[in-house]
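Within every chain, numbering begins at 1; the chains are lettered A, B, ... in the order of the sequence lines, protein sequences first and strands thereafter.
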Amino acid sequence: MRLLTRSILGSVFAVSIALCGSVHAADVKAVAILTPEQGTDFGWNQQGVTALKEAAAKEGVKALVAENLGYGDVRPTLREMAEDGASLIIAHASGYNTAAPEIAEETKVPVAVTDKPEAMKPGLVADYTMSGHQGAYLAGRLAAKMTRTGTVGIVVSGEPPGWNSQSAAFAQGAKAEKPGITIRYAVIGPAAYSDAAGGKRVTEAVIAAGADVIFGQGNGSSFGMLEAVETTKAADGGKVWFIDVIGDKSSLDKGNLLSSVLWNLTPVFTAMIDDLKANTFGTHGYAIKLADNSVGLLKTSHIPDKVWAELQALREEVISGKIKVEPQFDASAVHALVTAVAAK
Amino acid sequence: MSLFTEPFLTALVLGAVTAGLPLLLAGLGEQMSERAGVLNVGIEGMMLAGAYGGFLVAYRSGSIPLGLFGGATCGGLVAALMALFCVRLALSQIVVGIALTLAAEGLTALLHHVQFSQTYPRLPAAATLPIPLLSAMPVVGPALFDRPLIVYLALACVPALSRLYRETHFGLALQAAGDAPAALDAAGVDVLRTRMAAVLATGVLAGTGGAFMAEIGAGLFVPFMTNGAGFIGIVLAMLARGRPLWVLWGALLFGMCLSLATALQVVGVDIPSDVIQMIPFAAVMAVLVAFGRRASLPAALGVPYRRGER
């Protein structure tokens with residue numbers, strides 16, 4: 001009897017919490033996204049804006065976009081979006097994950113943040129810490145197949161969890177393909193997302209250390225990495241390859257873009273809207289993966305057909321679980337792994 | 001260790017100079033403003049305007065030197081606004097400086113969005129001017145003595161400004177405008193004109209630094225790319241306290257520490273990267289604070305001058 005009473009009270013409490021903090025199905029009329037840079041960076045920001053628009057169109061709701069907000073205080077913009085009728089605000093930068101939950105509490109408009117799963121609150125705050133580690137693993141296999149010098153590099157403009165996870169998976173993939181491979185790892189700065197000059201400088205140093213394939217993770221800074229591989233020769237005098245993340249820079253390629261770990265956030269944002277409608281928002285995280293093509297590896301003409309076929313076979317093994325690629329979000333785990341791999 | 005090959009060491013020294021040069025120009029510019037009594041918080045905006053303008057002119061004309069001139073002009077234009085609001089109209093230097101920086105960030109990002117966001121054009125490597133014999137030295141030769149002309153000109157600014165401050169009437173007027181503007185006024189020298197000249201020169205130097213960063217440092221422009229370099233320039237100028245040579249040491253030290261941080265990571269030293277990334281900031285602060293304590297900042301720094309007010 002006591003157990004039954006507890007169950008009933010618990011259920012009532014849970015439903016009350018969900019109803020108090022959430023938006024009703026009929027209330028979802030507009031979804032908003034805030035991005036730190038323009039949605040034209042062929043990367044994180046562009047993918048965010050594009051995915052939100054696609055998800056909104058799919059769900060029949062209005063999309064509100066605020067781009068190029070920088071990395072400062074976005075509280076005023078969050079409030080404006082709430083006042084403009086947004087039923088969900090996606091704060092598309094790890095630097096926004098303190099302000100957004102605060103404004104969610106203030107306005108009672110649900111927000112989605114990234115790189116802060118501990119901020120999740122049913123009906124009010126969801127986290128979408130993304131990691132394309134499965135794709136990065138394949139990128140590592142590709143890099144190891146293509147390197148001539150036996151050294152590959154990882155250059156990152158910061159160490160957010162999602163990128164740590166991809167760096168680790170890249171190293172694992174490279175090591176699995178070629179156990180004796182050397183991996184050089186360098187961070188441009190604590191949050192050097194737009195530091196293109198820093199991206200070029202650090203990439204040049206990594207190339208000078210012997211790398212002929214660079215796995216680069218950055219927003220604006222990735223263009224500096226691209227410039228570096230285009231203007232610097234590898235130790236053997238040959239071409240340096242570049243593997244990008246999130247977006248497709250093929251249209252900008254001057255002959256060095258080997259591939260990219262492509263992300264598609266449309267399924268994630270669509271799921272968020274569905275969760276809002278089902279009153280399950282903020283109760284679980286979201287993921288991107290090879291199986292549903294929300295993560296993929298870009299095929300360019302620089303990848304030999306034989307290598308691509310081998311990568312497709314590996315992709316199937318990752319999807320089936322035969323090859324296990326676990327995300328490692330912690331920077332120290334990445335350092336240890338890269339150091340261990342480099343030491344071999 | 002086999003990693004420390006000549007190409008790797010050359011890349012590190014080259015990177016240190018390339019990273020330090022925009023800071024040197026920004027720091028020298030800020031120092032001139034501060035010497036004249038103007039705390040130029042808008043220097044980040046001047047650098048960003050210079051970066052955008054410099055890249056635009058270089059890309060359209062195909063000439064890196066023309067681009068640097070364009071960057072200097074854009075930095076000067078932002079500085080003209082600073083001079084108008086802060087010197088002529090005596091508004092708050094901090095508020096106007098922040099406003100100009102924010103405006104430059106927004107405007108350059110917007111212009112980049114309209115013009116380049118679908119193409120992200122990149123510039124070819126800048127032509128260099130090798131110095132005979134010296135450029136053939138291992139490591140430092142290619143890093144220091146086989147560089148674009150602007151690198152040598154920027155380094156030459158250091159002794160030139162030292163001499164300007166010590167040995168010319170204008171240099172003395174600058175110092176008086178910062179220390180005792182009323183006395184300068186009483187001596188018959190126009191304080192506002194002196195301060196405006198200093199602010200404009202700051203804009204030109206900072207704009208050139210920004211243009212260098214975009215054209216030579218990165219080879220392209222992306223929004224927000226100065227990434228706080230202007231503010232580091234302010235710190236260098238404050239800590240160097242009036243001495244151009246100290247700005248040079250500070251900028252080079254900062255650049256060298258950036259390269260050191262990269263080297264430690266590439267070698268695979270397993271300590272948190274936050275600690276490694278802190279090295280440049282901590283080193284510059286420690287050295288300049290330790291050795292620059294005796295000098296003092298101008299008495300009227302940050303105080304607008306109005307004739308007749310005391």
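- Looking at B:S61, its side chain does come within 3.5 Å of a backbone N or O of B:V57 through a donor-acceptor pair.
- Using a 3.5 Å distance cut-off with no hydrogens or angles, the side chains of A:H133 and A:S131 do pair a donor with an acceptor.
- For A:E230, the part lying under 4.5 angstrom from a heavy atom of chain B is the side chain only.
- Within 6.0 Å of CD1 on B:I94 lie no more than 12 heavy atoms contributed by other residues, nucleotides or ligands.
- Taking OG of B:S135 as the reference point, atom CG of B:L144 lies at 11.0 Å (rounded to 0.5 Å).
- Ranked by heavy-atom pairs under 4.5 Å with chain A, the list B:A11, B:G217, B:G228, B:P223 is led by B:G217.
- Taking the six-membered ring where the residue is Trp, A:H92 and A:W44 present parallel rings, their angle staying beneath 30° rather than reaching 60°.
- With a 4.5 Å cut-off on non-hydrogen atoms, B:Q118 touches chain A through its backbone and its side chain both.
- A:S167 and A:Q217 share a donor-acceptor pair across their side chains, judged by distance under 3.5 Å alone.
- Heavy atoms of B:L9 lying under 4.5 Å from chain A are absent altogether.
- Residues B:H112 and B:Y120 place their aromatic rings such that the two centres sit under 6.0 Å apart.
- Between B:F221 and B:Y59, a ring centre-to-centre spacing not shorter than 6.0 Å is recorded.
- Heavy atoms closer than 4.5 Å to chain B are found in both the backbone and the side chain of A:D41.
- Contacts from residues 239-258 of chain A to chain B, taken as heavy-atom pairs separated by less than 4.5 Å, involve A:L252, A:K254 in sequence order.
- Of the options A:Y193, A:W263, A:Y185, A:F170, a ring pair (Phe, Tyr, Trp, His ring centres under 6.0 Å) to A:W163 is made by A:Y193 and by none of the others.
- In this structure, a donor-acceptor pair under 3.5 Å is present between the side chains of B:T18 and B:R147.
- Residue A:K178 qualifies as enclosed at atom NZ: its count of foreign heavy atoms under 6.0 Å is above 12.
- Residues of residues 202-216 of chain A that come closer than 4.5 Å to chain B, counting heavy atoms only, are A:V202, A:E204, A:A205, A:V206, A:A208, A:A209, ordered by residue number.
- The environment of CZ in B:F8 is crowded: more than 12 heavy-atom neighbours from other residues, nucleotides or ligands sit within 6.0 Å.
- Under the 3.5 Å distance criterion, with hydrogens and angles disregarded, a donor-acceptor pair is assigned to the side chains of B:T128 and B:D146.
- Contacts with chain A were tallied for B:E105, B:E6, B:H113, B:M278; B:H113 has the most, counting heavy-atom pairs under 4.5 Å.
- Interface remark: B:I216 contributes backbone atoms only to the contact with chain A (heavy atom separation under 4.5 Å).
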